[in-house]
Enquirer: 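What follows is a structure written as structure tokens; I'll ask about it next.
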Amino acid sequence: MLNVVILYNGVLNPSGVHFGSAEIYAVLESFPDKFNDSLCMGQWRTQDHDKCVLLFLKMHSGCKLTPVLIDRIKSVIRTSPSPRRVPAYMFDTTDIPYTVNGKKIEIVVKQIVLGSNLKPSGTVANPESLRLYYKYRDIKDGKAGIPYHNSSRFCG
């Protein structure tokens with residue numbers, strides 16, 4: 001097991017489109033009544049043709065990530081900032097990992113969905129949240145057994 005203490009505002013690069021996760025987070029602020037947190041990252045494994053962008057949404061109590069909401073999110077991202085920034089997969093999650101200093105831990109979740117087995121360091125405020133992301137390793141292989149929405153052609 002690895003101890004990881006890295007913070008990162010990830011740079012995403014699906015199909016050669018270079019942008020930061022902060023661009024997605026800014027767009028998502030237009031949905032304050034639907035979810036209260038989000039985590040965005042790229043996933044690229046050696047067997048993949050291209051990097052995919054994954055978007056995890058922590059929904060408000062009583063709200064669901066429905067096809068209608070997914071279409072609304074896609075529409076807003078398409079118009080601002082760009083159609084090429086629409087995440088390939090969107091998922092509902094119950095928790096987003098943070099450091100004890102209150103920063104999202106994108107890179108650790110990214111390493112998990114890429115296949116690493118990690119032991120959380122003492123800087124993770126909610127280490128149990130990391131367990132939620134191991135099931136997303138094989139989504140593109142169709143083996144994860146979890147519902148997802150493939151929302152983009154920019155995934156290989």
Enquirer: Which atom names give the shortest non-hydrogen contact between Ser21 and Cys40, and what distance separates them?
Expert: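 Answer, listing the atom of Ser21 first, then Cys40: CB-O, 3.8 Å.
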Enquirer: May I have the step-by-step check of side-chain contact (heavy atoms from CB on, under 4.5 Å) for Asp95 and Leu132, ending in yes or no?
Expert: CA-CA 8 Å; Asp95 206 1; Leu132 300 170; 3.7 Å; yes
Enquirer: Report the distance from atom CD1 of Ile112 to atom CE of Met41, rounding to the nearest 0.5 Å.
Expert: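 CE of Met41 is found 9.0 Å from CD1 of Ile112.
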Enquirer: Going by the rule ring pair (Phe, Tyr, Trp, His ring centres under 6.0 Å), which residues pair with Phe56 if we only count those two or more places apart in sequence or in a different chain?
Expert: Phe91, Tyr133, Tyr136
Enquirer: Given side-chain contact (heavy atoms from CB on, under 4.5 Å), test Phe35 with Leu65 step by step and report yes or no.
Expert: CA-CA 9 Å; Phe35 48 87; Leu65 186 59; over 6 Å; no
Enquirer: Could you state the interatomic distance from CG (Asp71) to CE (Met90), rounded to the nearest 0.5 Å?
Expert: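 That separation rounds to 8.5 Å.
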Enquirer: Tell me, please, which residues at least two apart from Glu29 pass side-chain contact (heavy atoms from CB on, under 4.5 Å).
Expert: none
Enquirer: Taking all heavy atoms of Thr79 and all of Val76, pick out the closest pair and write down the distance.
Expert: OG1-O, 3.2 Å
Enquirer: Could you pull out the closest heavy-atom pair between Val113 and Leu54, with the gap in Å?
Expert: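 Nearest pair, atom of Val113 first, then Leu54: CG2-CD1, 4.1 Å.
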Enquirer: Would a 4.5 Å heavy-atom cut-off, applied to side chains only, mark Leu130 and Leu118 as touching?
Expert: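 Of all side-chain heavy-atom pairs linking Leu118 with Leu130, none is under 4.5 Å.
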Enquirer: side-chain contact (heavy atoms from CB on, under 4.5 Å) for Val27 and Glu23? Distances and angles first, verdict last.
Expert: CA-CA 7 Å; Val27 170; Glu23 291 182 57; over 6 Å; no
Enquirer: Who are the side-chain contact (heavy atoms from CB on, under 4.5 Å) partners of Arg72, not counting sequence neighbours?
Expert: Phe31, Lys34, Leu69
Enquirer: Just to verify, what does Asp37 make a side-chain contact (heavy atoms from CB on, under 4.5 Å) with, not counting sequence neighbours?
Expert: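 Applying side-chain contact (heavy atoms from CB on, under 4.5 Å) to Asp37 gives Lys58, Ile96, Tyr98, Lys104.
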Enquirer: Heavy atoms, side chains only, cut-off 4.5 Å: are Ile73 and Leu57 in contact?
Expert: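 Heavy-atom side-chain distance check passes, below 4.5 Å.
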Enquirer: Any salt bridge (charged side-chain N to carboxylate O under 4.0 Å, His left out) pairs touching residues 121-130, not counting sequence neighbours?
Expert: none
Enquirer: Looking only at heavy atoms, what is the nearest atom pair of Leu39 and Pro97, with distance?
Expert: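 Between these two residues, the closest heavy atoms are CD2-CD, 4.2 Å.
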Enquirer: Calculate, to the nearest 0.5 Å, the distance between atoms OG1 and CD1 belonging to Thr99 and Ile105 respectively.
Expert: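 These two atoms lie 5.5 Å from each other.
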Enquirer: What pair of heavy atoms forms the shortest contact from Ser129 to Asn126, and how long is it?
Expert: OG-O, 2.6 Å
Enquirer: Over all heavy atoms of both residues, which pair between Tyr25 and Ser38 is shortest? Give the atoms and the distance, please.
Expert: CD2-OG, 3.3 Å
Enquirer: side-chain contact (heavy atoms from CB on, under 4.5 Å), that's the test. Do Asn117 and Tyr134 meet it? Break it down for me.
Expert: CA-CA 9 Å; Asn117 293 315; Tyr134 281 92; 3.7 Å; yes
Enquirer: For the CG atom of Asn36 and the CG atom of Leu28, what is their distance to the nearest 0.5 Å?
Expert: 12.0 Å
